[in-house]
Structures are given as C-alpha cells and as structure tokens.
Amino acid sequence: MANRRILRLMPVAAACLLFASCIDSTVPLSAPDTSVADERLLGDWRLRGDDGSVNDYRVVAAGDKLPASVMRLTGHARKPDDTTEQFEPLLFFPTTIGQTTYLNVIEGKETIVKQIEDKGWTAETVNAYRIFRYRFEGQMLVVHIMDTDAKRRFIESGKIKGVIEKNKDGFVTNICFQDTSENLARFVTEVGDSLFSKDEIRLQRVK
C-alpha cells in the first residue's frame, strides 16, 4: 500500500526517473513515424503534492529532426522549503488503440536525442520504453502507470513474451515485455484495465 501511495502522488517525470531501470517494454505500442501527435498534451502542467511541493512541466514538439508525433517534456520540482530540482527531459509519443490513448516514453538526454537524429528511431537506438495510459478530464491530464505485479503475472502465464530479471539475492530488479509492437498492442487491448495501476497521477493544465 505504501508504494501505491507514493505512485499516486508522483508526477510522470519523477516516476520515470525513479524507475528508470525498470522499463516496461523493449518496443513501443506503435512506431513514432506512424503515430499522430496529440496536440492536447502541449503546454504547461502542474502537480501539487500533499506535502506542499509543486511540480511544473512543459510539453513541446520535439523538433523537425524527430518524427512529428514526438514531444519533449521538461520540468522542475519546487519543494516546500522553496528549493527546486530540475527533472531530466523525456521524449514521448502517443498511441491510440480504439478509444484509449497511451504514451510511449523514453529518456530525452542530449546523447540519446543525437543518436536518434543521426541514425533514426530504430530498435537499435531506442529499446527501453515506459508505457502509460492517459485521458483528459476537462483541464486535467490523468495518467496511469503499468502495474508491476500484473506485468509479472502476464509474462509468467505466457500471454506475452518478456523477462523477469533478478539479482544474485533473488530479488526482482526488472520486469519487461520483449515482444513485437503488434503483439504488444494486441495484448494491451485484450487485458485492458488489468494491466495498469488504479492509482491516478492528475496534472492540472496551467494557462
């Protein structure tokens, strides 16, 4: 319960950074070249923590050298003591399956961006994704992360290919899907809500 409480309060960028070593998939739900940008995501967003912290984010188009669907997220946390902390940038692009929308998220460090610009968005240049489900409620952006226990169950049952990595002490260090984008999209459609945490990350649009 404690972990779920933390996740409910955690902004998207912070969640990605905290679980950077625990990616969801080696492939996205769709290729960025065939995805369509969701312009509703553009702009400034804010998440307020129960402790008085404020996390601000800005979403912009990633630029002409990357596929048109790709966006960049930057932001910073303002703590109750008025100190601030910058978040590492993220790159992401949406996937729409039926009426449901998802984000395929990767790190947006300059070295990664340059590699993509030089060699293209391929399986060799990008092979580590976090996948989120999102929707809009008025001026709110509501995000759900994948449920780690659900990922493990589905991999162990053989519903989708993946790996469950453990350290020398037997503790799980990463649970990751390793299938094709087509199979991943089909699987996500079949299992629906059961793959994602019921906890919500709610960001308010800032005008």
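Rounding to the nearest 0.5 Å gives a distance of 8.5 Å between CG of Leu203 and CG of Asn55. Note that CG of Asp38 is 4.5 Å distant from CG of Leu41, once rounded to the nearest 0.5 Å. Put simply, OG1 on Thr125 and CD1 on Ile116 are 5.5 Å apart, with the number rounded to the nearest 0.5 Å. With rounding to the nearest 0.5 Å, the separation of CD in Gln86 from OG1 in Thr74 is 8.0 Å. Here the straight-line distance linking atom CG of Asp149 with atom CD1 of Ile175 works out to 7.0 Å at 0.5 Å rounding. In this structure, NZ in Lys161 is found 14.0 Å from SG in Cys176, a value given to the nearest 0.5 Å.
For the pair Ser181 and Pro28, the tightest heavy-atom approach, listed with the atom from each and the gap, is OG-O, 2.6 Å. Across Pro32 and Val70, no two heavy atoms sit closer than the pair CB-CG2, 4.1 Å.
By the ring-ring contact (aromatic ring centres under 6.0 Å, His included) test, Phe187 pairs with Phe154, Phe177, sequence neighbours left out.
Glu85 has no carboxylate O lying under 4.0 Å from a charged side-chain N of Arg78, or vice versa, which leaves the two without a salt bridge. We find that Lys79 and Asp81 are not joined by a salt bridge, their nearest charged nitrogen and carboxylate oxygen being 4.0 Å or further apart.
Crowding of Asp64 atom CG: a count of heavy atoms from other residues, nucleotides or ligands under 6.0 Å not exceeding 12. Within 6.0 Å of atom CZ in Arg58, 12 or fewer heavy atoms from other residues, nucleotides or ligands are found, so the atom counts as exposed in its surroundings. Counted within 6.0 Å of CD on Glu110, heavy atoms from surrounding residues, nucleotides or ligands total 12 or fewer; the atom is thus considered open.
Residues Ile131 and Asn104 meet the side-chain proximity criterion, which asks for heavy atoms closer than 4.5 Å. Contact of the Leu90 side chain with the Ile106 side chain is not registered, since no non-hydrogen atoms from C-beta on lie closer than 4.5 Å. Two residues are said to be in side-chain contact when any heavy atoms from C-beta on lie closer than 4.5 Å; Glu200 and Arg135 meet this criterion. Looking only at side-chain heavy atoms (C-beta outward), Val113 and Leu91 come within less than 4.5 Å of each other. Looking at heavy atoms from C-beta onward, Asp44 lies out of side-chain contact with Asp56 at the 4.5 angstrom threshold. Put simply, the side chain of Val60 does not reach to within 4.5 Å of the side chain of Met71, judged on heavy atoms.
Under the 4.5 Å side-chain heavy-atom criterion for ILVMFWY residues, a single connected hydrophobic cluster contains both Leu42 and Val143. With hydrophobic clusters built from ILVMFWY side chains whose heavy atoms lie under 4.5 angstrom apart, Ile145 shares a cluster with Phe136. Under the 4.5 Å side-chain contact rule for hydrophobic residues, Val54 and Leu73 do not share a cluster. Both Ile97 and Val191 are part of a single hydrophobic cluster, where members link through side-chain heavy atoms under 4.5 Å apart.
Each side chain to side chain donor-acceptor pair (under 3.5 Å) pair with one or both residues in residues 26-36, not counting sequence neighbours, appears once here: Ser30-Ser35, Ser30-Thr95.
Between Phe132 and Phe92, the ring center distance fails the sub-6.0 Å criterion.
Here the rule is salt bridge (charged side-chain N to carboxylate O under 4.0 Å, His left out) with Arg133, and of Asp193, Asp24, Asp147 only Asp193 fits it.
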